[in-house]
Amino acid sequence: RQHKDRKRADDRMPPFIIGQADLVGVLMLVGLLGLNVGVKLYFKNEQDQQDMQKLENQNLQHQLEYLKYQINPHFFMNTLNNIHALVDINPAKAKTTIVELSRMMRYILYEGDKSLIALQKEVDFLHNYVRLMKLRYTDKVTVDLDIPENLSDGLIPPLLLITFLENAFKHGVSYEHESFIHVVVDAEEGSLIFRCVNSKKASENGKDRVPSEGGLGLKNIRQRLDLIYGKTYSLALHDGDTTYEVSLRIPLRPAGKS
């Protein structure tokens, strides 16, 4: 009978759940820990992405600085060669050339290290360079800069156009024969349009012939364009029988934006 009474008492007791309250607490604790870990991982991943982006930006800037470093000595080498050629031929012109060179040096020193500069400043630099080069050549060389007076006030990378003009003088101008350089700079629909066409001087064994894809200077320019504009620019080089043509179109950044 006692066994039966004990059995009936056990039947009246509710089912016993081991640690029900404790289990809920454990689950809440696990959930909080998981949320904490998730938040930390999220922000860590976001920080990693920011660090990676910062590293990529620094790498991009280093590459651009390296390319500009290659361009500047190349430019000065050609310009100093021009002055050297004028010293004995015409000292007065050599002095004028040095003045023009000093103006261009100021541009390179104070504007060349900027990421963007006013288009008009780059155009003024081209005008100074042409004036300098004209001192060296005779009237057989025709240089025509077709640039509107009221040019857009947009922004472009500094020292971007000079290499094309340098190559035109190097490979298209002759002391003995009629030769020409025709440059067009304009802005339309938010883009800079640059076109340079030059005659090709005769040479033996192609010694002075510019490669169809350009020399070191043009390769550096293409690399800079790739780094800065990606696929948003167009650059076409046409190596004809008697002329060489460069056509460039890049986005023109509105003034006041960095």
Side-chain angles (χ1 to χ4, degrees), residues 48-78 104 107-123 125-126 129 147 151-172 181 183-198 209-240 243-258:
D48 289 343
Q49 292 180 354
Q50 292 177 356
D51 291 342
M52 182 61 69
Q53 185 63 44
K54 186 183 298 184
L55 183 61
E56 290 177 355
N57 291 339
Q58 290 177 348
N59 185 50
L60 171 63
Q61 188 63 33
H62 290 160
Q63 291 183 62
L64 291 174
E65 291 299 327
Y66 172 72
L67 292 173
K68 283 197 289 186
Y69 172 79
Q70 286 186 305
I71 292 171
N72 291 352
H74 181 260
F75 165 77
F76 281 118
M77 180 184 68
N78 289 343
M104 289 186 287
Y107 174 81
I108 292 175
L109 289 174
Y110 296 110
E111 306 292 343
D113 61 341
K114 299 179 180 178
S115 58
L116 293 171
I117 50 95
L119 174 58
Q120 187 60 53
K121 291 184 178 181
E122 184 81 355
V123 167
F125 183 75
L126 296 182
Y129 181 78
I147 304 174
L151 197 60
S152 170
D153 59 351
L155 306 176
I156 66 170
L159 303 173
L160 188 66
L161 306 178
I162 185 60
T163 299
F164 301 118
L165 193 54
E166 276 190 286
N167 281 352
F169 273 99
K170 181 179 179 181
H171 300 285
I181 298 174
V183 174
V184 176
V185 179
D186 204 352
E188 62 179 35
E189 299 179 353
S191 296
L192 169 69
I193 309 300
F194 176 85
R195 182 169 173 263
C196 181
V197 182
N198 61 268
R209 182 182 179 86
V210 61
S212 59
E213 290 301 315
L216 176 61
L218 290 184
K219 289 180 180 178
N220 286 344
I221 285 294
R222 190 182 289 278
Q223 285 182 269
R224 286 186 69 194
L225 291 170
D226 288 339
L227 290 170
I228 298 171
Y229 295 107
K231 296 181 179 180
T232 63
Y233 80 95
S234 63
L235 174 62
L237 309 177
H238 178 68
D239 189 4
T243 61
Y244 189 83
E245 180 177 350
V246 174
S247 296
L248 173 67
R249 186 185 188 100
I250 61 174
L252 190 59
R253 188 74 60 85
K257 291 187 177 182
S258 57

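We number each residue from 1, following the sequence as shown.
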Could you go through Val246 and Arg195, starting from their C-alpha distance and side-chain angles, then the distance that decides it, and tell me whether this counts as side chain to side chain contact (heavy atoms under 4.5 Å, CB included)?
CA-CA 6 Å; Val246 174; Arg195 182 169 173 263; over 6 Å; no
Do any N or O atoms from the side chain of Glu188 and from the backbone of Ile193 form a donor-acceptor pair under 3.5 angstrom?
no
Here the gap from Cys196 atom SG to Leu237 atom CG, rounded to the nearest 0.5 Å, amounts to 11.0 Å
Where the side chain of Glu245 meets the backbone of Asp239, is there a donor-acceptor pair that is under 3.5 Å apart?
no
On a heavy-atom basis, which atom in Arg224 and which in Pro158 lie closest, and how many Å separate them?
NH2-O, 3.0 Å
Measure the CD1-CG distance between Ile162 and Leu165 for me, rounded to the nearest 0.5 Å.
5.0 Å
Are Pro254 and Leu155 side-chain neighbours, meaning at least one heavy-atom pair lies under 4.5 Å?
no
In Å and rounded to the nearest 0.5 Å, what is the CE to CG distance from Met104 to Leu126?
10.5 Å
Taking all non-hydrogen atoms of both residues, which atom of Ala187 and which atom of Leu252 are closest, and how far apart?
CB-CD2, 3.8 Å
Atom pair CG/OG of Leu248 and Ser234 - distance to nearest 0.5 Å
6.5 Å
Taking all non-hydrogen atoms of both residues into account, name the closest pair between Tyr129 and Glu166 and its distance.
OH-CG, 3.4 Å
How close do Leu161 and Glu122 get, counting heavy atoms only, and between which atoms?
N-OE2, 3.1 Å
Write down the atom of Asn198, the atom of Gly172, and the distance for their closest heavy-atom approach.
ND2-CA, 3.5 Å
Using the rule side chain to side chain contact (heavy atoms under 4.5 Å, CB included), only one of Ile117, Leu225, Leu119, Leu192 pairs with Leu160; which is it?
Leu225
Go through Tyr233 and Asp226 one step at a time and tell me if the side chain to side chain donor-acceptor pair (under 3.5 Å) criterion holds.
CA-CA 8 Å; Tyr233 80 95; Asp226 288 339; 2.6 Å; yes
Just verifying a value: how many Å separate Phe164 CZ and Tyr244 OH, rounded to the nearest 0.5 Å?
9.0 Å
Do you know which two heavy atoms are closest between Asp186 and Leu151, and how far apart they sit?
CA-CD1, 4.1 Å
Can you check whether Phe194 reaches Val184 side chain to side chain, under 4.5 Å on heavy atoms?
no
Say whether, by atom type as modelled, one donor and one acceptor occur between the side chain of Thr243 and the main chain of Gly240 under 3.5 angstrom.
no
Could you measure the distance from the OH atom of Tyr229 to the CZ atom of Arg253? Nearest 0.5 Å is fine.
7.0 Å
